[in-house]
Amino acid sequence: MWFPRLASDRVLRLRPVEAPFALTIRQNNTERIHCLNARAEAMGLHRAMPFADARAFCPDLHSAPAEPARDARFLAMLRRWATRYAPWVGFEGEDGLVLDITGSAHLFGGEAAMMRDMAARLARAGLTVRLGLGATRGAAWAFARFGEDHGAALDRLPVAALRLAPDTVTALERLGLRTITDLAATPRAPLARRFGPEVLMRLDQALGTRPEQIAPETDPPHYGVRLTLPEPIGLVADVMAGTARLIERLCARLKENAAGARVLCLTLRRVDQASQQVELRLASAMRDPARILPLFERGVGAVDAGYGIDQMRLEAVVVEPLAPEQLGAVPSRNGAGGDRLEDLITRIGTRIGLENIRRFLPADSHIPERGFLVAPAAWSRPEGAWVTLRPRPPVLFSPEPLMGTGPDTGPRPPARFRWRRMSFETARATGPERIAPEWWLEDEGWRTGVRDYWHVQTRQGRRLWLFHTPQAPGWFVQGEFA
Amino acid sequence: MSFAPRFPPPLRKGRVHEACGPGAAGFAAAVCAQGTGPILWIRESWRAETLNPLGLAPFFDPHRLLWASVATQTDALATAEEALKDGAIPLVVIETTAALDLREGRRLQLAAKAGHTTGLCLIPEGMGSNAAETRWYCAPLAGADSTLMRWELIKNKSGTLGTWDVRWDHAARRLDVVPPVGERPGSAPAPG
């Protein structure tokens, strides 16, 4: 099964365009054509052509940037769909699938009927597909790509149908070996000497003298469970009871795969087909039903049941590996009692947002406001040592200018000043401590150059952290000591 | 003449206390230092001041501190109630910006009782709740020492009021009580 226009078909399915269309990709600083539709090909465009040239050939060309990652996801989706024909489905390159239909063709009324069914369904989905059926994987590959032009006999196909590198194909053609028959009739030893073992390996694989396996992709485990109810329900207790059943099944599946859920999504479908979602973001990966269930209470309580809920679906949207743990063997991230703390963080997080519960982490900087990092507690661990060489105030604010300092105070703190409408007299000043800006980081606040910090004890009692900027004279308050 | 005990009484567990005044943050830091286990500090996100863990490090290990940044005071109170009731965090510090009414204060009080945890509200001056167990007025004090503070117990539901001059010993991570001015060594004896 070869999809010659997989990428552009994917985009055109979402946004049909009745005009030449191409996807562009940036390679070596040039926009090149990655994939294009039939009308664009008819205009004389081809792949790997610079996009600027293509626009010159075809001024009304529509284009969009290529997204190889989404193409790969789309192919994976097609692979999953293709398991309706045969259980063994593998990928063939970036734009093909390979199916082992041994023993399953009769379910669709024979090989020809099966291929007609495939072609019809894919055409209805808007995909260009070329199917090849062969006794071996190599033969199927060859028929899919060259069968339409060269008929149904394997030995008439050109050597390019053997999955060889382009320069090998060119070299073989120069020697006059144009078709597979020519190649098979050539003595093997000189060929192997001239081209290495690959040519003969591909030939044998196509002819079936050497076996080749299809590696079927395993389906990634699916963490979703659902519950359909014969009668609609509406009470919170009933919904929670249903959720309990779902969580139990989901956690059993998570346990089998040594995984833990990080984000859970509970979808409640009402009788009138409207559905409501309850999202639960957990502070750590977990799979313990008894711990997860109470965390849903708040979200479920807020759901409007309307005429009743008749279907519930629970899915673990984000899953992390979570190895089984011996009880009490490994201390939790937050020390003893960490499980309770994480549950609490999750519960608070459902109200104020999980990323708003934060912790401080040390950072390596002399700049006061950059001496620490703020990280969400659910995604960080308390690590690193706190080093304080000089006293720092427990409370920092953005610098506020001092008023009433009098003209030209010089480098020593002013004897009296006003700040936040209060008057202060300096009793004692300790300092200065000079801190230079970090020139490798652009910071608006440090444009004024170096700062001389003073710890000022006022007669009024308050102990302030002042700084002076000698390069642009001025006095500011940045913190207050306890 | 003062009959206050020699040391400021520790904050009772299972209750919510209040602190106000310019030295309230220092008071909270000293209270945090006396316990073990995690601390939840709840403050509203719009406030200009930030906590500086490097400044708190002389009091306690900043890794103990979790900091909840909430949008409104209602969220702050709800978060505090949840945390106090749960009991996983022995000390919850709430910075309020508006007055607490009796209902809100009482709910916090009941939550702290249920979880057997301590709550500490840092309130703007004069905006306390009648439900608070104790209320402290804390102000830095001018003096030779750079950490001298005056803690006044201005409301106490189950005990006497009092005033203490204290200072924080950075090296020993300990609170020292400084005798009142007249009784300090070297000062002249009070006349009469």
Side-chain angles (χ1 to χ4, degrees), chain A residues 298 334-345 347-349 351-353 355-362 368-369 371-374 377 381-398 400 425 427-428 430 455 457-463 465 479-482, chain B residues 22-30 36-38 40-42 45 47-59 61-72 75-76 78-80 82-83 85-90 115 138-150 168 170:
Chain A
R298 185 185 149 78
N334 292 302
D339 286 358
R340 273 179 75 196
L341 185 57
E342 276 161 8
D343 288 358
L344 176 63
I345 291 175
R347 231 169 321 131
I348 296 175
R351 179 168 187 119
I352 65 169
E355 61 285 344
N356 284 333
I357 303 164
R358 303 164 184 174
R359 69 169 96 241
F360 292 110
L361 297 174
E369 57 268 29
F372 56 90
L373 297 174
V374 176
R381 312 177 139 267
E383 281 169 340
W386 292 95
V387 182
T388 44
L389 299 173
R390 290 168 180 280
R392 290 277 183 261
V395 175
L396 280 181
F397 24 85
S398 52
E400 297 170 14
E425 286 171 57
R428 212 154 55 97
T430 321
H455 179 178
Q457 165 104 47
T458 60
R459 272 189 223 292
Q460 284 69 24
R462 310 278 291 252
R463 289 179 279 269
W465 206 38
E480 184 170 2
F481 286 91
Chain B
F27 179 79
T36 53
L40 182 67
W41 196 303
I42 303 164
S45 52
R47 300 188 59 161
E49 297 95 350
T50 53
L51 291 176
N52 180 11
L54 292 170
L56 296 170
F59 293 90
D61 178 10
H63 284 318
R64 284 173 54 203
L65 188 68
L66 290 172
W67 160 46
S69 165
V70 295
T72 61
D75 274 352
T79 307
E82 185 82 54
K85 208 188 288 176
D86 185 80
I89 296 178
C138 318
L141 213 55
D145 192 352
S146 66
T147 56
L148 199 61
M149 285 180 280
R150 171 162 292 169
W168 183 257
H170 283 272

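Lettering follows sequence order; numbering is per chain, from 1. Given the structure is predicted, the values throughout are model-derived calculations rather than measurements.
The candidate from B:Pro58, B:Cys138, B:Ala83, B:Ala139 with the greatest count of non-hydrogen atom pairs under 4.5 Å with chain A is B:Ala83. Looking only at heavy-atom pairs under 4.5 Å with chain B, the residue among A:Leu361, A:Asp343, A:Val387, A:Thr388 that has the most is A:Thr388. Ranking B:Gly87, B:Ala57, B:Ala28 against chain A, the residue ahead of the rest is B:Gly87, based on heavy-atom pairs under 4.5 Å. Counting heavy-atom pairs closer than 4.5 Å to chain B, the top-ranked of the candidates A:Leu344, A:Ile352, A:Ile348 is A:Leu344.
The shortest distance between side-chain heavy atoms of A:Leu341 and B:Pro38 falls below 4.5 Å. For the pair B:Ser69 and A:Glu355, the minimum side-chain heavy-atom distance is 4.5 Å or more. Inter-residue side-chain proximity for A:Trp386 and B:Leu56 is flagged as unmet; no heavy-atom pair is nearer than 4.5 Å. Residues A:Trp465 and A:Arg392 meet the side-chain proximity criterion, which asks for heavy atoms closer than 4.5 Å. With a 4.5 Å cut-off on side-chain heavy atoms, A:Ile357 and B:Thr79 do not count as touching.
Of the possible donor and acceptor atoms, none in the side chain of A:Asn356 sits under 3.5 Å from a partner among the backbone N and O of B:Val70. Between the side chain of A:Arg358 and the backbone N or O of B:Trp67 there is no donor-acceptor pair closer than 3.5 Å.
Interface residue A:Glu383: only backbone heavy atoms are found under 4.5 Å from chain B. When heavy atoms are compared at a cutoff of 4.5 Å, B:Ala29 does not approach chain A at all. Contact annotation for A:Phe360: both backbone and side-chain heavy atoms come within less than 4.5 Å of a heavy atom of chain B. Only the backbone of A:Arg459 comes within contact range of chain B, with at least one heavy atom under 4.5 Å from a heavy atom of that chain. Using a 4.5 Å cut-off between heavy atoms, B:Pro62 contacts chain A through both its backbone and its side chain. Within the 4.5 angstrom heavy-atom criterion, no atom of A:Thr430 approaches chain B. Interface remark: B:Ala71 contributes no atoms to any contact with chain A (heavy atom separation under 4.5 Å). Looking at B:Leu40, the atoms closer than 4.5 Å to chain A (heavy atoms on both sides) all sit in the side chain, from C-beta outward. For chain A, the nearby part of B:Phe59 is the side chain; its heavy atoms alone come within less than 4.5 Å. Heavy-atom distances place the side chain of A:Val374, and not its backbone, under 4.5 Å from chain B.
The pair A:Arg347-B:Glu82 counts as a salt bridge, with a side-chain nitrogen and a carboxylate oxygen less than 4.0 angstrom apart.
Separating the CZ atom in A:Arg463 from the NE2 atom in A:His455 is a distance of 6.5 Å, to the nearest 0.5 Å.
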